[in-house]
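What follows is a single structure, written as structure tokens, with notes after it.
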Amino acid sequence: MLAKTVRIVPQARAGIVERFGKYKGTLPAGLNIVVPFIDRVRYLIDLREQVVSFPPQPVITEDNLVVSIDTVIYFQVTDPVAATYEIANYIQAVEQLTMTTLRNIVGGMDLEQTLTSREEINNGLRGVLDEATGKWGIRVNRVEIKGIDPPPSIKDAMEKQMRADRDKRALILSAEGQRQSAILTAEGNKQSQILNAEGDRESQILRAQADREAAILRAQGEGQAIQTVFQAIHDGQPDQSLLAYQYLQMMPKIAEGSANKVWVIPSEITKAMEGLGSSIHEIAGIPKDATPRKRVDMGPSEPQLPRSSEDAETSATNEAVQQAIAAAEVAARPGKSRPDTPTSGPADPGAPAGQ
């Protein structure tokens, strides 16, 4: 009798008490006293949030494809009396309601939307289930789509489509890479040709300037050589004997040619040499007398390149500076006259005139 009088209800549980088969009350958690043989604890309801996973359900989409969808529902009993007397098996009721609601929602979507609209499906299921299970004393907290499995043929087609998309992206990326490579190569070739052209231009300019300076130096050297020979002829005052000797020295060189098989020396060679010496002696520029002549100006010993206007201005400035320095030095010496001031007194009549 004591065991039937005292009932202990665990935490987060609720006991439904019936008296003679009629609802009497709800026992809270803890120690409770009931009337033995009259009151009976009929059901013990779990008030905690429960998780129920339903097996895969076949669902037809809008484009007539059958997919299998697994769902997971999180619910909690808020009214033990309603959950006990308003419905016989609330878990089975939630399962059937979830299946019908899921078919209704997915039936208005195609396969692509079904695979990408999980959140939309979850919200639709939670709203319908919460509204329907409210009178059963149950609150649906969350509904999750655990898995959506399309048919094997659709999976194969989707894999082929994804593979084709990947191949397409790979080809596009490869084409873009080749395009960028061709553009960069063309730009590099363009820059290379421009630099080569500029280098050739500068090289030709420098080569032309070098040729010009070399020609100027060569002409100046030839001029110096001609002036030296001409001055040597004037200084040596050649006579007929020297010219005859030079003539004799040139004769073996005349006979050195490969085409000269036979070379006959005429018997009148002496007279010819005398006549040649006399004729050469009469040429203008070879003096007849042995008196000294005026030397020819041979010009600068070093070859001179043509100067620019800046060099001319610099030379003129240097000359003006030198003249000013010389004038200052002369002015600083009190006992001496200026170089350009003529001295007093009669000029020497025997002094030679300046050239």
Side-chain angles (χ1 to χ4, degrees), residues 180-261 263 272-273 276-288 290-327 339-340 354-355:
Q180 293 293 334
S181 176
I183 291 174
L184 294 177
T185 303
E187 290 180 355
N189 294 332
K190 175 184 174 183
Q191 294 294 332
S192 176
Q193 293 177 1
I194 291 174
L195 294 176
N196 291 332
E198 291 179 355
D200 294 339
R201 173 177 170 273
E202 294 179 359
S203 175
Q204 291 177 4
I205 292 174
L206 294 176
R207 193 178 296 109
Q209 292 178 354
D211 293 341
R212 181 177 69 88
E213 295 178 0
I216 293 173
L217 295 176
R218 193 179 299 108
Q220 290 181 357
E222 292 177 356
Q224 292 286 342
I226 294 172
Q227 289 180 2
T228 303
V229 174
F230 189 69
Q231 186 66 53
I233 293 173
H234 280 75
D235 292 342
Q237 296 181 359
D239 54 1
Q240 294 182 0
S241 300
L242 179 60
L243 296 176
Y245 178 72
Q246 293 292 333
Y247 178 73
L248 290 175
Q249 284 185 343
M250 291 299 296
M251 289 178 64
K253 293 183 180 180
I254 296 175
E256 286 180 358
S258 59
N260 296 333
K261 301 299 183 181
W263 189 61
M273 289 170 55
L276 180 60
S278 301
S279 61
I280 295 176
H281 187 71
E282 299 295 335
I283 296 175
I286 300 179
K288 295 180 180 181
T291 58
R293 297 175 62 91
K294 177 183 176 181
R295 295 180 61 85
V296 178
D297 185 12
M298 300 183 64
S301 59
E302 295 294 333
Q304 299 292 329
L305 294 175
R307 298 186 301 176
S308 60
S309 60
E310 296 180 358
D311 296 337
E313 293 177 0
T314 305
S315 301
T317 305
N318 293 335
E319 292 178 0
V321 171
Q322 294 296 333
Q323 292 178 2
I325 294 173
D340 53 352
Q355 296 179 357

Name the residue from Ile183, Thr185, Leu184 that meets the side chain to side chain contact (heavy atoms under 4.5 Å, CB included) definition with Ser181. Thr185
With no hydrogens and no angle check, is any side-chain donor or acceptor of Ser192 less than 3.5 Å from a backbone partner on Gly188? no
Nearest-0.5 Å distance that lies between atom [atom1] in [X] and atom [atom2] in [Y]:
X: Arg212; Y: Leu217; atom1: CZ; atom2: CG; value: 10.0 Å
X: Leu206; Y: Asp211; atom1: CG; atom2: CG; value: 11.0 Å
X: Ile194; Y: Asn189; atom1: CD1; atom2: CG; value: 11.0 Å

